[in-house]
Amino acid sequence: MSDKKVRVRFAPSPTGGLHLGGVRTVLFNYLFAKKHKGDFVLRIEDTDQSRYVDGAEEYILDCLKWCGLIPDESPVVDGHYAPYRQSERKSLYREYAEKLVREGHAYYAFDTPEELDKNRKEIPNFQYGHFYRDSLRNSLSLKQHEVDQLLDAGEPHVIRIKMPEDETISFNDMIRGYVSFETNQVDDKVLLKADGMPTYHLAVVVDDYLMKITHAFRGEEWLPSAPVHLLLWEYLGWKADMPQWAHLPLILKPDGHGKLSKRDGARLGFPVYAMNWFDAKTGELTPGFRELGFLPEAFLNLLAMLGWNDGTDNEIFTLDELISKFSIERVNKGGAKFDFEKAKWFNAEWIKRTSAESLKDKVKAVLEDKGVDVKDDSYLLKIIDVIKERCTLLADFYQQAAYFFEVPKEYDINSVKPKWSDTKTDFFNTLIAVLKNETAIDAVVFEQQFKALMEEKGLKAGDVMLPFRIMLVGGKFGPHVFDIAALLGKDETINRIEQALAVFNG
RNA sequence: GGCCCGUUCGUCUAGGGGUUAGGACGUUAGAUUUUCAUUCUAGAAACAGGGGUUCGAUUCCCCUACGGGCUACCA
C-alpha cells in the first residue's frame, strides 16, 4: 500500500431499492476507509437514462444515513471532486474516449443494436472482438473517408475498446489473489454509448482516476470485466494510479441457487432491501429491514459477518469495533447464503444489549404507530427494561408493551374458564381488598401477600397465577406478573381484576 | 457453449500437514421460569470425489464433480 490517502467509493446506480448486498459493499468500503483514516465517497452511476428511477438517489442517501455510514463526499456533501453524479460529468468522458481512438486503443462502431442482435442469434459464440470486427461496420473495417462521412452525417455510433490479441491480463485481487484473463476471450466492450453517455466501463475508470480512488471494492459479478478496466487504466496512461481491486463474494439465496434477489424476499418472507422501497410505476412496495423492526446496529453486524470474521468466536460487534478489527485479508472468497433466522438472532441480541434509553424513541414510534398514546417517558423506560429480552424485532414491542397502556381488549378466556370456580372469584375479591389497604404495589411484598392469601384459600399457584396474568395482560405472555402489577400500579391492577372478574363470571 | 471465481456440520464460519476438526444460528433432550421469552446444560450434525507430494493430508499440487458469476449501446 502506498502512502497516498485512502479513498474508496460506493457507486450505485439509482434504479431502485438498495439491496442488502449493496449495503454490505458500502460497509466494507466504509470499514476499510475508516480503518485507514481515509475518505468514503458516494458516487451516483446514473449513466443509463432509461433505467433511472426518480427518488432512488434520495432513498440511497437515506439508507446510508439510517445505517450510520455517512459518505465524506457525495452529491450532497461536496469534496474537491464534484460533481458526484455521472450524468453531470457527461461532457468529460468523450474526450478520453476520443483520445483512445486517436491512439488506436478504441474505435468508432456504427452497427445498430438490431444488427448485433441478429449476429448473436445467428453466429454461435458471437463476440464483437478481433475475430469478427473486420466484418462489421466500424472505423477499423471502413475506409477513412467513409468513416468521416458517417461521422459528419451524424450517424449514430458508439466507441468500443479494441481488445489486443493474445495477451494475458492479470492482477492481484486483495481477496482472491492472482487472477488472469486471456484477451482473446473478452470482447470489445462499448465505452461510449450512442447517446454520448459513457458505459460503466469507461466511467468507473475515468472517475476513479479523477477522484483519486485508491481501493476499489465491488461484487464478484464484476470480475469478468476487470481486464477491460485494467487495460483502460493502462491505455489512458494512469496505470501507476490504478486502485487496488477487491471483488467481494456474493450473497446467495438461502434455498436453491443464485444471487439473492428481491423476489426471493417476497417468496421466502423476509426483506432484501435496507428500507421500504415504493415503486411508483408498479405501485409495488418492497419491504425493508428498517421497517420490519431491525436496529441498524444489528443490520450492519449481521452483514459484516456474511463473509468476514475477526478470527475469534465473537460475533457481536459495534461499528467502532468493526472499524478497528476489519481487515480485507479476512474476507472470505466463497459466496454466503443468507439466513434470515440468524439475522433475527442478531437483532434480538442487539435489542437485549441496547439500553432502554437508546431504544426509547424507536419503541415509542412503534407504539404510537399502533395508536398507543405514550405520555410518560419514564414509565416507558421501565417497561422496555422488563420486556426487551423477549423481543426479536422492534415491532414485537407492541404486543409486549400494549397492555401496559390499555386494558386488554380480549382475554384468553379458554385458558381460564374450564377451571374457573367460586373459590377463585373469592380469592380475587379478597385480593382486591388486600390491595386497597396498601398505598402502592411493591412487587416483592405483593407476591408474598398474594401467596399467603393463596394458601389461606387452599389454592395452589397453578390455580391463580395464570388467571391473574390473563386479567392483567389478556394472554399467556409477558414478564413476571408481579412486576407487571407493580408497573401498572395499585388502582389499575384493582381495576383490571374487577373488569376481568366480570368477564370470567359472565 | 465459452471464460472467470468458488467448495469445512442444514446455514454462517474457525482451523490448517499429525486436532476428540472449534464456535454461532437452527434443531433435539433436559434444567430454571407453574405464561411466553431469556438463561443454563447436554446431544445429533461437516473437511465433494479421485489422483499425487509426504512418514503422515481436511490442510499443498493436479484432475473431475458440483455450485456460482459473466457473456447488453445495464450497472
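The basis for the numbers below is simple: all heavy atoms, side chains too, and nothing from hydrogens, waters or symmetry mates. Throughout, protein chains are lettered first and strands after them, A, B, ... in sequence-line order, and every chain is numbered starting at 1. Not measured: the values here are computed from a predicted model.
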* Taking the same atom, P, in B/U64 and in B/C3, what whole-Å distance lies between them? -> 12 Å
* Can you tell me how far C1' of B/A37 sits from CG of A/Asp483, to the nearest Å? -> 14 Å
* Whole angstrom is fine here: how far is it from CZ in A/Arg94 over to P in B/C73? => 17 Å
* Is there a Watson-Crick or G-U wobble partner for B/U20 with both distances under 3.5 Å, and which nucleotide is it? -> none
* Structure fact -> A/Asn314 CG to B/C12 C1', in whole Å, measures 15 Å
* **A/Arg51 vs B/A72: side-chain N/O to OP1/OP2 distance below 4.0 Å** => no
* Members of residues 181-189 of chain A that approach RNA chain B, where some heavy atom sits under 4.0 Å away -> A/Phe181, A/Gln185
* Salt-bridged, A/Glu455 to A/Lys451, with N to O below 4.0 Å? -> no
* Answer yes or no: is there an ion pair linking A/Asp117 with A/Arg120, defined by an N-O contact shorter than 4.0 Å? => yes
* Asked: Rounding to a whole Å, what distance do you find between A/Arg160:CZ and B/C73:P?
  -> 5 Å
* Does a salt bridge link A/Lys419 with A/Asp463, judged by any charged N lying under 4.0 Å from a carboxylate O? -> no
* Strictly under 6.0 Å, is that where the ring centroids of A/Phe450 and A/Phe427 end up? -> yes
* Asked: Taking NZ from A/Lys344 and P from B/U11, how many angstroms apart are they, rounded to a whole number?
  -> 19 Å
* Asked: Do A/Asp264 and A/Lys253 sit within salt-bridge range, that is, some charged N less than 4.0 Å from a carboxylate O?
  -> yes
* Asked: For B/G6, does either OP1 or OP2 sit under 4.0 Å from a side-chain N or O belonging to A/Lys337?
  -> no
* Asked: Of A/Asn138, A/Asp188, A/Asn119, which meets side-chain hydrogen bond (donor to acceptor under 3.5 Å, both in side chains) against A/Tyr128?
  -> A/Asn138
* **Cationic N near anionic O, under 4.0 Å, A/Glu220 to A/Arg176** => yes
* To do: Give me the one residue out of A/Asp396, A/Ile383, A/Leu359, A/Val363 that meets side-chain contact (heavy atoms from CB on, under 4.5 Å) with A/Lys388.
  => A/Leu359
* Structure fact -> When A/Thr112 and A/Lys333 are each assigned the nearest nucleotide of RNA chain B, the 5'-most assignment goes to A/Lys333
* To do: Please work out if A/Thr15 contacts a base, only the sugar-phosphate, or nothing of the nucleic acid, heavy-atom cut-off 4.0 Å.
  => nothing
* Asked: Is the shortest distance from a Lys or Arg side-chain nitrogen in A/Glu315 or A/Lys342 to a carboxylate oxygen in the other one below 4.0 Å?
  -> yes
* To do: Indicate, with a heavy-atom threshold strictly under 4.0 Å, whether A/Val190 touches base, sugar-phosphate, or nothing.
  => sugar-phosphate
* Asked: Salt-bridged, A/Arg218 to A/Glu221, with N to O below 4.0 Å?
  -> no
* **Distance-only donor-acceptor test (3.5 Å): side chain A/Asn125, base B/G2** => no
* Asked: Which base, if any, makes a Watson-Crick or G-U wobble pair with B/G30, both distances under 3.5 Å?
  -> B/C40
* Run the side chain to side chain contact (heavy atoms under 4.5 Å, CB included) check on A/Asn314 and A/Ile316 step by step: do they pass? -> CA-CA 6 Å; A/Asn314 190 202; A/Ile316 303 296; 4.2 Å; yes
* To do: Kindly say if A/Thr47 contacts the phosphate of B/A75, meaning a side-chain N or O under 4.0 Å from OP1 or OP2.
  => yes
* To do: Run the ring-centre check on A/Tyr411 versus A/Phe504 and record whether the distance is less than 6.0 Å.
  => yes
* To do: Determine, for A/Asp255 against A/Lys337, whether the closest basic-nitrogen to carboxylate-oxygen distance falls under 4.0 angstrom.
  => no
* Asked: In the structure shown, which nucleotide is the Watson-Crick or G-U wobble counterpart of B/A46, with both distances under 3.5 Å?
  -> none
* Asked: For A/Phe289 and A/Tyr273, what are the C-alpha separation, side-chain angles and deciding distance, and is it a ring-ring contact (aromatic ring centres under 6.0 Å, His included)?
  -> CA-CA 7 Å; A/Phe289 279 86; A/Tyr273 286 168; 9.9 Å; no
* Does the ring centre of A/Phe126 sit less than 6.0 Å away from the ring centre of A/Phe131? -> no
* Do A/Arg160 and A/Asp187 meet the salt-bridge criterion of a basic N to acidic O distance under 4.0 Å? -> no
* Structure fact -> Regarding the side chain of A/Lys352, the nearest nucleotide among B/U38, B/C12, B/C4 is B/U38
* Is A/Arg353 paired with A/Glu297 through a side-chain N to carboxylate O contact shorter than 4.0 Å? -> no
* Under-4.0 Å salt bridge between A/Glu88 and A/Lys90 -> no
* To do: Could you check whether A/Asp117 gets within reach of a base, just the sugar-phosphate, or nothing at all, counting any heavy atom under 4.0 Å?
  => nothing
* To do: May I ask which nucleotide in the shown strands pairs with B/C9, Watson-Crick or G-U wobble, both distances under 3.5 Å?
  => none
* To do: Kindly state whether the ring of A/Trp308 and the ring of A/Phe28 have centres lying under 6.0 angstrom apart.
  => no
* Calculate the interatomic distance between A/Tyr403 atom OH and B/C36 atom P; express it in whole Å. => 14 Å
* To do: Identify whether NZ of Lys or CZ of Arg in A/Lys162 sits under 6.0 Å from the centre of the six-membered ring of A/Tyr107 and within 45° of that ring's axis.
  => no
* Mind checking whether A/Thr493 and A/Met471 have side chains closer than 4.5 Å, heavy atoms only? -> no
* For nucleotides B/A21 and B/C40, find the distance between their P atoms and express it as a whole number of Å. => 26 Å
* Tell me, which of residues 130-137 of chain A have any heavy atom that sits under 4.0 Å from an atom in RNA chain B? -> none
Polar atom pairs between nucleotides 46-49 of chain B and protein, under 3.5 Å, N or O only, would you list them?
none

* To do: Take atom P in B/U19 and the same atom in B/A57, then report the distance between them in whole Å.
  => 12 Å
Protein and nucleotides 41-45 of chain B: nitrogen or oxygen contacts under 3.5 angstrom:
none

* For B/G17 and B/U58, measure between their P atoms and round to the nearest Å. => 14 Å
Identify all pairs in which a protein N or O lies below 3.5 Å from an N or O of nucleotides 67-69 of chain B, and state each distance.
| unit_1 | atom_1 | unit_2 | atom_2 | d |
| --- | --- | --- | --- | --- |
| B/G67 | O3' | A/His257 | ND1 | 3.2 |
| B/G68 | OP1 | A/His257 | ND1 | 3.4 |
| B/G69 | OP1 | A/Lys259 | N | 3.2 |

* **P spacing across the pair B/A24 / B/U38, given as an integer number of angstrom** => 15 Å
* Atom pair distance, as rounded to whole Å: CD in A/Gln399 and P in B/C36 -> 13 Å
* B/U41 to B/G6 separation - C1' atoms, rounded to the nearest Å -> 38 Å
* Asked: According to the Watson-Crick and G-U wobble definitions, with both distances under 3.5 Å, which nucleotide is paired to B/U54?
  -> none
* Do the charged groups of A/Lys118 and A/Glu115 touch, with an N to O distance under 4.0 Å? -> no
* **B/C70 OP1/OP2 closer than 4.0 Å to side-chain N/O of A/Arg218** => no
* Asked: Whole Å only: how far is the CG atom of A/Asn138 from the P atom of B/C73?
  -> 14 Å
* To do: If a protein heavy atom is under 4.0 Å from the base, mark B; if only from the sugar-phosphate, S; if neither, -; do that for nucleotides 20-35 of chain B going 5' to 3'.
  => ---SBS-------SBB
* Asked: When all nucleic acid strands are considered with a 4.0 Å heavy-atom cut-off, which category describes A/Asp255: base, sugar-phosphate, or nothing?
  -> nothing
